[in-house]
Amino acid sequence: MRISSKGRYGIASMICVAQLGRNGDFVTVISISEKLGISKIYLEQVFSLLKRSKLVTSIKGSQGGYQLAKPPEKITAYDILQAVEISLFEKTERSVSQQAEGIEKSITALVWNKIDKSISEVLKNTTLTDLVDEAERNPEDDSFMFYI
């Protein structure tokens, strides 16, 4: 499965909003851009899609920014990807010609549909809270402190 950069940035950005906006603060695109090393202009496009899907709310102005529209435990990875990916689950193209319809149906039923279902289940069962918790278990600073 190939997730576009918008999908990957959407998930990473939502983790940032959940972390930085814990106290009800609005989080700016600039702060997310700096934390993730992603273009501010590109993030604005991602947030436009997230806002349209009602995953975030925003206010303008000097104290403006974005915050989660729902608690993080109510937002799933599926919700985020659904908001920013053009077509999350496109149907797989035919594998064989019309002459081998039985083979095509068996591949679709036993492989492609099962893969789609498994991926969908994982995404729907992974909440933003899960993602934040995992991110905080794996801090960015991987350096070690040595004492002599």
Could you pull out the closest heavy-atom pair between Leu55 and Lys70, with the gap in Å? CD2-CE, 4.2 Å
Is Thr126 reaching over with its side chain to a backbone N or O of Val122, donor-acceptor style, under 3.5 angstrom? yes
Once rounded to the nearest 0.5 Å, what's the spacing between atom OG of Ser53 and atom CG of Asp79? 9.0 Å
Between atom CG of Asp133 and atom OG1 of Thr127, what is the distance when rounded to the nearest 0.5 Å? 7.5 Å
Can you see whether Lys124 engages Thr76 through a side-chain donor-acceptor pair at a distance of less than 3.5 angstrom? no
Between the side chains of Arg22 and Glu136, is the shortest nitrogen-to-carboxylate-oxygen separation below 4.0 Å, so that they form an ion pair? yes
According to side chain to side chain contact (heavy atoms under 4.5 Å, CB included), who are the partners of Ala18, at least two apart in sequence or on a separate chain? Leu68, Leu128, Val132
With rounding to the nearest 0.5 Å, note down the distance linking CD1 in Ile107 to CH2 in Trp112. 7.0 Å
Measure the spacing between NZ of Lys40 and OG1 of Thr28 and express it to the nearest 0.5 Å. 9.5 Å
Quick check for you: to the nearest 0.5 Å, what is the distance between Ile30 atom CD1 and Glu34 atom CD? 7.0 Å
What are the two closest heavy atoms between Gln67 and Gly24, and how far apart are they? NE2-O, 2.9 Å
Nearest 0.5 angstrom please: Tyr66 OH to Leu20 CG, how far? 15.0 Å
Contact summary for Ser13 and Leu43, nearest pair of heavy atoms: OG-CD2, 3.1 Å
I'd like to know if Arg137 and Glu134 make a salt bridge, using a cut-off of under 4.0 Å between side-chain N and carboxylate O. yes
Between Ser120 (side chain) and Asp116 (backbone), is there a donor-acceptor pair under 3.5 Å? no
How about Ile59: does its CD1 atom have over 12 heavy atoms from other parts shown lying under 6.0 Å from it? yes
Under 6.0 Å between ring centres: does that hold for Tyr42 and Tyr9? yes
For Gly21 and Val27, the nearest pair of non-hydrogen atoms, with its separation, is N-CG2, 3.6 Å
Quick check: are there more than 12 heavy atoms from other residues, nucleotides or ligands sitting under 6.0 Å from CD1 of Ile103? no
Look at the side-chain heavy atoms of Ile, Leu, Val, Met, Phe, Trp and Tyr, link any pair under 4.5 Å apart, and say whether Ile38 and Val29 land in one connected group. yes
